[in-house]
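For this chain, numbers begin at 1 and follow the sequence in order. Bear in mind that the values here come from a model prediction, so they are computed numbers and not experimental data.
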Amino acid sequence: MRHQYFPPDLVRIQLAWIRTYEDLDRLTPAQSPTALRRQLLTLSRALAVHPYWAIPGRSPVGRVELLRQARARRWAWAA
């Protein structure tokens with residue numbers, strides 16, 4: 001698959017989504033997940049309605065590539 005360009009704000013939203021999902025995964029049973037779940041929903045909505053996806057020719061495959069690139073960037077920063 002060829003490397004797609006994504007707007008920086010879209011990548012930032014995807015990275016925030018990944019971090020929030022990871023934070024939710026790390027919660028202990030004593031902690032309430034409500035705030036993180038709400039944040040995850042807000043970020044999911046922001047990803048879904050981003051103007052980038054309104055451009056003709058954008059497809060669900062692009063969403064998978066965005067997630068792949070964001071994860072790669074996240075792991076590169078963590079190293």
Side-chain angles (χ1 to χ4, degrees):
M1 174 176 242
R2 69 179 177 84
H3 187 79
Q4 285 183 268
Y5 167 79
F6 295 102
D9 64 323
L10 183 58
V11 174
R12 279 192 299 274
I13 296 167
Q14 184 66 65
L15 285 167
W17 188 96
I18 291 168
R19 281 191 300 273
T20 304
Y21 192 86
E22 290 171 350
D23 291 346
L24 188 58
D25 187 49
R26 284 191 291 268
L27 285 181
T28 65
Q31 296 173 300
S32 174
T34 304
L36 288 174
R37 284 184 180 165
R38 285 186 181 142
Q39 185 177 358
L40 201 58
L41 286 171
T42 300
L43 291 167
S44 295
R45 190 175 306 116
L47 284 169
V49 301
H50 192 279
Y52 175 84
W53 304 117
I55 298 170
R58 304 295 187 216
S59 71
V61 174
R63 294 176 195 261
V64 173
E65 178 62 12
L66 171 64
L67 183 59
R68 189 197 65 73
Q69 285 183 29
R71 282 183 178 150
R73 186 176 295 185
R74 175 103 167 106
W75 289 113
W77 287 342

Per the ring pair (Phe, Tyr, Trp, His ring centres under 6.0 Å) rule, what does the pair list look like for [range], sequence neighbours excluded?
range: residues 28-52; result: F6-Y52
range: residues 27-47; result: none
range: residues 20-43; result: W17-Y21

message: Could you work out, with side chain to side chain donor-acceptor pair (under 3.5 Å) as the rule, every residue matching T42, not counting sequence neighbours?
response: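 Side chain to side chain donor-acceptor pair (under 3.5 Å) list for T42, sorted by chain: empty.
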Atom [atom1] in [X], atom [atom2] in [Y]: separation rounded to 0.5 Å?
X: T20; Y: L41; atom1: OG1; atom2: CG; answer: 11.0 Å
X: L15; Y: L67; atom1: CG; atom2: CG; answer: 10.0 Å
X: D9; Y: Q14; atom1: CG; atom2: CD; answer: 12.5 Å

Among residues at least two apart in sequence or on other chains, which ones pass side chain to side chain contact (heavy atoms under 4.5 Å, CB included) with [X]?
X: P8; result: Y5, R12
X: L27; result: L24, Q31, P33, L36
X: S32; result: T34
X: V64; result: none

- request: Could you tell me whether the side chain of Q4 and the main chain of Q69 form a donor-acceptor pair under 3.5 Å?
  value: no
message: Could you report the tightest heavy-atom contact between R58 and W53, atom names first, then the distance?
response: CB-O, 3.8 Å
- request: Please list, chain by chain and in numerical order, all residues satisfying salt bridge (charged side-chain N to carboxylate O under 4.0 Å, His left out) with D23, sequence neighbours excluded.
  value: R26
query: Is it true that R68 and E65 make a salt bridge, defined as a side-chain N closer than 4.0 Å to a carboxylate O?
result: yes
query: Restricting to pairs with a member in residues 28-50, which pass salt bridge (charged side-chain N to carboxylate O under 4.0 Å, His left out), not counting sequence neighbours?
result: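 Output for this query is empty, none listed.
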